[in-house]
**Q** 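Structure incoming, see below.
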Amino acid sequence: MELAKAFDPNTAEGWYKTWEENGFFAPEINEDETSPTYSIVIPPPNVTGSLHMGHALQHTLMDVLARWKRMQGYRTLWLPGTDHAGISVQRKVVEQLKKDEGKSPIDVGRDEFVRRAWKWKDQYGNTITTQMRREGASVDWSRQRFTMDEDLSLAVRSVFVALYDEGNIYRGLRIVNWCPKDKTVLSDLEVKEETKKDGKLTYLKYPVQGTDRTITVATTRPETMLGDTAVAVNPSDERYADLIGKVVDLPLTGREIPIIADEYVDAEFGTGAVKITPAHDPNDYLVGERHGLEQLLVMDDAGKMNAAAGTDFEGLDRFEAREKVVARFDELGLLEKVEDYEITLPICERCKTIVEPILSEQWFVKMDEMRDIALDVMRSEGVPHFFPQVPHEKVYTNWLENLKDWTISRQLWWGHQIPAWYDDEGNVFVALTEAEARTKAGGKELRQDQDVLDTWFSSGLWAFSTFGWTGENGVTETPDLDNFLPTDVLVTGRDIIFLWVSRMVMLTKKFTGKIPFGDVVVTGTVLGKDGKPMSKSRNNGVDPIEMFDKFGVDATRVYLASIATGADIKWNDLLIETYRNFANKIWNATRFCLLNSDNASIRPLDAAEARSMAAADRWILSRLTRTSQAVNKALETYQYHEAVSLLYHFFWDDFCDWYIELKKDEITSGDADASSFILSVLEQALRLLHPFMPYLTEELWQKLPGVGRGLHNPAYANAEQTIMLADFPKGDRQFIDDIAENEISAVIELITKIRNIRAEMNISPSIKFVVHVAGSSVLREILAANEEQILKLARASKLVLSTALVVPKASAKAVLSGGTEVAVPLEGLIDFEKERGRLQTQVEKLGIELQRLDRQLSNGNFVERAPVEKVRELRERKEEIEQQTSAIKLNIEALG
RNA sequence: GCCGUCUUAGCUCAGCGGUAGAGCACUCGCUUCACACGCGAUAGGUCAGAAGUUCAAAUCUUCUAGACGGCACCA
């Protein structure tokens, strides 16, 4: 069989279809009932989303684990799905409605709007699932879930009702984060910050009744003064002591408000007097509660001033009103000053609009019990076990300890409508269905709460709602819950540890009694080439699909897996090219093996048989085995980059550069045994690589002579043949062969030294020379056994082995470890000056090391306190260096 | 303000108590019959700076400088 000259990722990526059609991704492919299970649920991407590099990274890491465990025989489930993404979808549908029909959501009404949203989801919502197939993600599509599926929605209502009934969900009037553009409340976590350097601090003077004095307050939001209901000072502030209890004529409003004393006020800051606007500031709200102040709301849901702001201001946008208030104060002579002031403003995470703190009635989850559940699980079980542990465990714990209640209502139409109904008197009835609510209400006509739940409320149930849990009145036990919960690991970005991870821990533990997952792998951020997070506005994004097209999915995956766990990385095309080249290298190594495989076939590796094989064969088996062991060990602790590095060097250095080269003659001469053996080693190595490069390895594996389902892990004995289900190499200790490793190391060292002489002496590769080696009898035996290979790889014509060198003066020499000496007679070719310099450099290098060793060994403390083994090691090394040095010095002298 | 991370070869990054590593780039040499997406051989680092702990520090501690992240506050 002859392969194309270069790897074509496009062809290989066609394997996905076969895998999916054969049901390889479903846990049911595993026929061994005693198999342990392994499960991962995907962080559900937004249905509005298309694949970005963060997904590609996370999916790669999850897929590596799923494929690895599946090959090990675990009944493996990686469950896919998408999130309904409340605000995002709502916005898309609003836009579409406006563009296509010039209508607003109100024009079409809620029911029609929701219908359109579903239509939108059906039409565009599978972009990402299509892209995931390209990635090679081995997810079980038969279990795909959507957060608004019927049963997942029932789970949401069940949890809501249960939490409400026990008092952990309540409705209340609070200062919340309001986005005037989206016209919805946001949780604290959805609010980001933006620093504004050109902010202003405005000082307003309020006249005090019965005096000729004014009291000056400073504010960054002057328009809110229209809603002031007090001025507060610190009780111990002497400057204002006599004003406490007096009344202020609040300008522009005709209202009278009191001057009150409250510890909240910092006498040192600003003027020491603070305007109190309980309906528009969280701190003021608390002050207002303490003093029984009126809560005067002066803005509407679009951020415009309302009737309470007075006729002069009603209908003005908050920023217009701000200017007008300042202008009016100026006219009245009550504007003290306006200072430049750097402020940080809260902005809506999604639309970047400045968020308005506003008094509003919303639904909340009380976090006391939830927090305790999460802290408990962390303290008692160390769950979640974050990888990397630092800094996430501490940040997570600290966040929990300072947790505030969670605002869960959203003023949207797309999402899970809150299962609460009201009668005409405003009594609330919370139930799973309207019918139940009506029963509770004694049959009265009811109206459902118009709000929907925060998207993260339903995602918080993802770890168990996806397995069929619908709640106490429905299903709380299913085979999938039993088999796959707790899941083994969650792979996610650090931006949603609070939003999502914490809530899954709380809600899963509370409602199923189980933890959602043991381990959490926290990925870093893939940054743009400029070192900044990828974003549309910066235009520094790298599209994974483009990378797939350019370098292949496999190369992209290995690059992503090569990033240290949790570390941020600047995107770099050069590195992905490295792995594109790596794929091609493996392709060509296989190509070589297959070119000479006429009568060959892969066969099981047998330890007893191996013992009688040549050193090179035993060496590659030993290297393969160590690599297998190390790859397994690295993956156990999610050290993907370590595994990648191991595989890269095994394939490139050990297998290609040395093993193939050592065996080339044998194999090209048509030795079927040699050919079968190298194919068998290659086959094992492809299995090791498969989780990282699924397409390449499947494409090649299927071409190997003798592959079949017999190579599968026993759990998949009857499945169609695929490397996906082959048994993952464990690394059987029997194949570890220290002797062979030492022997081949000696051969490699010798060849390298000879090549060095050739290069340094500028001897053309076409000139073959005689090589003399003097060394121990053991060494001579090894070299003699590998003579042909040494001659070939060193481009030598003859190998002369002896106990002591007998060579002409015009020879280039080198000293190997163990005191072995090498000489290459170069009559007429040698440049004595150059040779002397070459040897001198080596002496100098050794001298530096010798000095350091001497320093350490002459330090009595070291010899006394360091482990004896360490001391012996250094002494041996010193001896070795001294031996080499004197040998090289003799060689220099011999040059004359 | 509080908590935390990073600073290692020209570039991008591993290593995190016992002789400084990789890939790419650079230099030199190769149409060696798998691969120039290749082969061979070199060169390149006082591991940000300072002090400390230790027989031993890139690795632990403290401080300094620079880059950055999270949380809180922001009249």
Side-chain angles (χ1 to χ4, degrees), chain A residues 2-3 5-7 188 193 199 201-204 217-221 224 231-232 264-266 269-277 281 283-284 341-346 388 390-392 394-395 398-399 402 494-495 497-498 525 529 531 551 555 562-564 566-575 577-596 641-642 645 648-649 656-657 660-661 664 667-668 751-752 755-760 762-766 792-793 795 848-849 852-853 856 859-867 869-871 873-874 877:
Chain A
E2 188 163 342
L3 266 53
K5 219 173 164 185
F7 172 52
D188 292 349
E193 289 182 346
L201 188 60
T202 307
Y203 290 74
L204 303 174
V217 296
T219 179
T220 53
R221 294 188 293 153
T224 62
V231 171
Y264 155 68
V265 181
D266 177 2
F269 191 91
T271 62
V274 184
K275 60 190 277 304
I276 300 297
T277 323
D281 182 278
N283 289 308
D284 292 9
Y341 187 70
E342 186 180 315
I343 46 170
T344 47
L345 294 168
V390 177
H392 299 111
K394 195 169 168 186
V395 172
N398 287 350
W399 179 78
N402 300 297
R494 66 176 148 241
D495 52 333
I497 291 177
F498 303 152
T525 312
K529 287 171 187 137
F551 300 106
S562 77
I563 302 166
D568 288 352
I569 184 118
K570 264 187 243 186
W571 185 265
N572 188 342
D573 275 358
L574 288 173
L575 288 171
E577 224 176 299
T578 298
Y579 295 110
R580 190 267 320 257
N581 296 351
F582 180 51
N584 193 240
K585 185 75 178 173
I586 292 164
W587 176 268
N588 273 291
T590 308
R591 180 168 183 262
F592 169 78
C593 294
L594 288 175
L595 277 174
N596 302 287
H641 61 296
E642 177 67 18
S645 165
Y648 186 93
H649 291 293
C656 293
D657 285 351
I660 287 184
E661 296 304 332
K664 202 167 237 177
I667 289 165
T668 49
I751 292 168
T752 305
R755 283 171 171 174
N756 176 271
I757 288 173
R758 182 186 295 275
E760 298 276 317
N762 289 328
I763 312 287
S764 159
S766 59
K792 178 150 192 265
L793 299 183
R795 315 201 119 252
I848 291 167
E849 199 184 336
R852 198 187 42 243
L853 288 171
Q856 259 187 293
N859 178 345
N861 278 328
F862 171 74
V863 179
E864 212 171 290
R865 302 203 194 182
E869 220 168 285
K870 198 78 225 162
V871 178
E873 208 176 283
L874 291 199
R877 179 69 189 146

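Residue numbering restarts at 1 for every chain, and letters A, B, ... go by the order of the sequence lines.
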**Q** Please report the distance separating the C1' of A25(B) from the corresponding atom of U42(B), rounded so that it comes out in whole Å.
**A**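 Rounded to whole Å, the distance is 15 Å.
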
**Q** Need one value for R494(A): base, sugar-phosphate or nothing, where a base atom within 4.0 Å counts as base even if backbone is also close, heavy atoms only.
**A**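 It contacts nothing in the nucleic acid.
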
**Q** Which heavy-atom pair separates E577(A) from F551(A) by the least distance, and what is that distance?
**A**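 Looks like CG-CE2, 3.8 Å.
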
**Q** Taking OP1 and OP2 of U5(B), is either one under 4.0 Å from a side-chain nitrogen or oxygen of H392(A)?
**A** no

**Q** Would you mind classifying the nucleic acid contact of T220(A) as base, sugar-phosphate or nothing, using non-hydrogen atoms under 4.0 angstrom?
**A** sugar-phosphate

**Q** Under 4.0 Å, heavy atoms only, any strand: does R758(A) hit a base, just the sugar-phosphate, or nothing?
**A** nothing

**Q** Hey, does L594(A) have a side-chain heavy atom less than 4.5 Å from the side chain of L3(A)?
**A** yes

**Q** How many Å lie between NZ on K529(A) and C1' on C11(B), as a whole number?
**A**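 Interatomic distance, NZ of K529(A) to C1' of C11(B): 14 Å.
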
**Q** Answer with yes or no after comparing the ring centroid distance for F582(A) and Y648(A) against a 6.0 Å cut-off, counting only values under it.
**A** yes

**Q** What's the closest nucleotide to the side chain of Y264(A) if the choices are A14(B), C74(B), C30(B)?
**A** C74(B)

**Q** Residues two or more places apart in sequence or in another chain: which of them pass side-chain hydrogen bond (donor to acceptor under 3.5 Å, both in side chains) with N572(A)?
**A** none

**Q** Using whole Å, what does the distance between atom C1' of nucleotide C73(B) and atom CG of D281(A) come to?
**A**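 To the nearest whole Å, that distance equals 11 Å.
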
**Q** What's the shortest heavy-atom distance between S562(A) and Y579(A), and which atoms?
**A**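 Closest approach of S562(A) to Y579(A): CB-OH, 3.5 Å.
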
**Q** Please work out if L201(A) contacts a base, only the sugar-phosphate, or nothing of the nucleic acid, heavy-atom cut-off 4.0 Å.
**A**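 Since only primed, P, OP1 and OP2 atoms lie under 4.0 Å of L201(A), the category is sugar-phosphate.
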
**Q** State which residues pass side-chain contact (heavy atoms from CB on, under 4.5 Å) with H392(A); sequence neighbours excluded, sorted by chain then number.
**A** F386(A), P388(A), R494(A), I497(A), V522(A)

**Q** For a quick check, tell me whether the side chain of K870(A) and the base of A56(B) share a donor-acceptor pair closer than 3.5 Å.
**A**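 Answer no: no donor N or O sits under 3.5 Å from an acceptor.
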
**Q** Using atom P in both nucleotides, what's the gap between U19(B) and A34(B) to the nearest angstrom?
**A** 40 Å

**Q** With 3.5 Å as the limit, what N/O pairs link the protein to nucleotides 21-28 of chain B?
**A**
from: G23(B); atom 1: O2'; to: T578(A); atom 2: OG1; distance (Å): 2.6

**Q** Of all the nucleotides listed (C35(B), C73(B), G18(B)), which has the minimum atom distance to the side chain of E661(A)?
**A**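 Minimum distance to the E661(A) side chain belongs to C35(B).
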
**Q** Could you state the atom-to-atom distance from OH of Y579(A) to P of U12(B) in whole Å?
**A**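 Checked: the OH to P distance equals 16 Å.
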
**Q** Could you check whether C593(A) gets within reach of a base, just the sugar-phosphate, or nothing at all, counting any heavy atom under 4.0 Å?
**A**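 The residue C593(A) makes no contact with any strand.
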
**Q** What closest approach, in Å, do A273(A) and V231(A) show between heavy atoms, and which atom pair accounts for it?
**A**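 A273(A) and V231(A) have their closest heavy atoms at CB-CG1, 4.2 Å.
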
**Q** Identify whether any heavy atom of A567(A) sits under 4.0 Å from a base atom; if not, whether one sits that close to sugar-phosphate; answer base, sugar-phosphate or nothing.
**A**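 The residue A567(A) makes sugar-phosphate contact but no base contact.
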
**Q** Please give me the minimum heavy-atom distance between L874(A) and L853(A), naming the atom from each residue.
**A** CD2-CD2, 3.7 Å

**Q** Is there a donor-acceptor pair under 3.5 Å between the side chain of R795(A) and the backbone N or O of R758(A)?
**A** no

**Q** Determine the contact category for S764(A): base if any of its heavy atoms lies under 4.0 Å from a base atom, sugar-phosphate if only primed atoms, P, OP1 or OP2 are that close, otherwise nothing.
**A**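 Counting heavy atoms under 4.0 Å across all strands, no contact is made by S764(A).
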
**Q** Mapping P391(A) and T219(A) to their closest nucleotides on RNA chain B, which lands nearer the 5' end?
**A**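 It is P391(A), whose closest nucleotide lies nearer the 5' terminus.
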
**Q** Report the residue (I569(A) or F582(A)) whose heavy-atom-nearest nucleotide on RNA chain B is the more 5′ of the two.
**A** I569(A)

**Q** Quote, to the nearest angstrom, the P distance that separates A22(B) from G15(B).
**A**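 Their P atoms lie roughly 15 Å apart.
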
**Q** Let's test your reading of the model: under 3.5 Å, does the base of C35(B) pair with the side chain of R591(A) as donor and acceptor?
**A** no

**Q** Provide the distance between the two C1' atoms, one in C13(B) and one in A20(B), to the nearest whole Å.
**A** 15 Å

**Q** Under the side chain to side chain contact (heavy atoms under 4.5 Å, CB included) rule, what do Y341(A) and T202(A) come out as? Steps first, then yes or no, please.
**A** CA-CA 9 Å; Y341(A) 187 70; T202(A) 307; over 6 Å; no

**Q** Please measure how far the P atom in C60(B) lies from the corresponding atom in C73(B), and state the result in whole Å.
**A**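 Going atom to atom, P in each nucleotide, I get 34 Å.
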
**Q** When you measure from the side chain of N584(A) to the backbone of A6(A), do you find a donor-acceptor pair of N or O atoms at a distance under 3.5 Å?
**A**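 Not at all, since once roles are kept as given, no pair shorter than 3.5 Å links the two residues.
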
**Q** Please classify the nucleic acid contact of E864(A) as base, sugar-phosphate, or nothing, using heavy-atom distances under 4.0 Å.
**A**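 Result for E864(A) = nothing.
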
**Q** Given the P atoms of A65(B) and C24(B), what is the spacing between them in whole Å?
**A**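 Rounded to whole Å, the distance is 39 Å.
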
**Q** In dot-bracket notation, what is the pairing pattern of RNA chain B, taking Watson-Crick (N1-N3 plus N6-O4 or O6-N4) and G-U wobble (N1-O2 and O6-N3) contacts under 3.5 Å, with [ ] crossing and | for other strands?
**A** (((((((..((((....[..))))..((((.......))))......(((((..]....))))))))))))....

**Q** Under 4.0 Å, counting only non-hydrogen atoms across every strand here, what does D284(A) touch: a base, just sugar-phosphate, or nothing?
**A** nothing

**Q** So if I take every side-chain heavy atom of K585(A) and compare against U42(B), G15(B), A34(B), which nucleotide ends up nearest?
**A** A34(B)

**Q** Determine whether any donor atom in the side chain of E193(A) lies under 3.5 Å from an acceptor atom in the base of C73(B), or the reverse, and answer yes or no.
**A**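 Under the 3.5 Å cut-off, the side chain and the base do form a donor-acceptor pair.
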
**Q** Not counting sequence neighbours, which residues clear salt bridge (Lys or Arg N to Asp or Glu O under 4.0 Å) with K664(A)? List them please.
**A** E661(A)

**Q** In whole angstrom, what separates N584(A)'s CG from A36(B)'s P?
**A** 8 Å

**Q** In whole Å, what separates the C1' atom of C16(B) from that of C47(B)?
**A**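 Per the computed distance, 11 Å lies between those C1' atoms.
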
**Q** Using the P atoms only, state how far G45(B) lies from G40(B), rounded to an integer number of Å.
**A**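 That atom pair is separated by 25 Å.
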
**Q** Contact class for R580(A) (heavy atom, under 4.0 Å): base, sugar-phosphate, or nothing?
**A** base

**Q** Under 4.0 Å, counting only non-hydrogen atoms across every strand here, what does A564(A) touch: a base, just sugar-phosphate, or nothing?
**A** sugar-phosphate

**Q** Any side-chain N or O of K394(A) less than 4.0 Å from the OP1 or OP2 oxygen of G4(B)?
**A** yes

**Q** Can you check the I751(A) CD1 to U32(B) C1' distance for me, whole Å?
**A** 14 Å

**Q** Would you indicate what V863(A) reaches in the nucleic acid, counting non-hydrogen atoms under 4.0 angstrom: base, sugar-phosphate, or nothing?
**A**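 Answer is nothing: V863(A) stays at 4.0 Å or more from every strand.
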
**Q** Can you list everything that forms a salt bridge (Lys or Arg N to Asp or Glu O under 4.0 Å) with R755(A)? Sequence neighbours excluded, please.
**A**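 Applying salt bridge (Lys or Arg N to Asp or Glu O under 4.0 Å) to R755(A) gives none.
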
**Q** Quick one, T590(A) and I586(A) - any side-chain contact, counting heavy atoms below 4.5 Å?
**A**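 In contact.
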
**Q** Nearest whole Å is fine: how far is G29(B) P from R795(A) CZ?
**A** 17 Å

**Q** If you only use heavy atoms from C-beta on, which nucleotide in U19(B), A34(B), C73(B) is closest to the side chain of K664(A)?
**A** A34(B)

**Q** How many Å lie between NZ on K570(A) and C1' on A67(B), as a whole number?
**A** 10 Å

**Q** Figure out the CZ/P separation between F592(A) and U32(B), and round it to whole Å.
**A** 16 Å

**Q** With a non-hydrogen cut-off below 4.0 angstrom, is N283(A) in contact with a base, only sugar-phosphate, or nothing?
**A** sugar-phosphate

**Q** When you measure only distances, ignoring hydrogens and angles, does the side chain of K5(A) come within 3.5 Å of the base of C35(B) through a donor and an acceptor?
**A** no

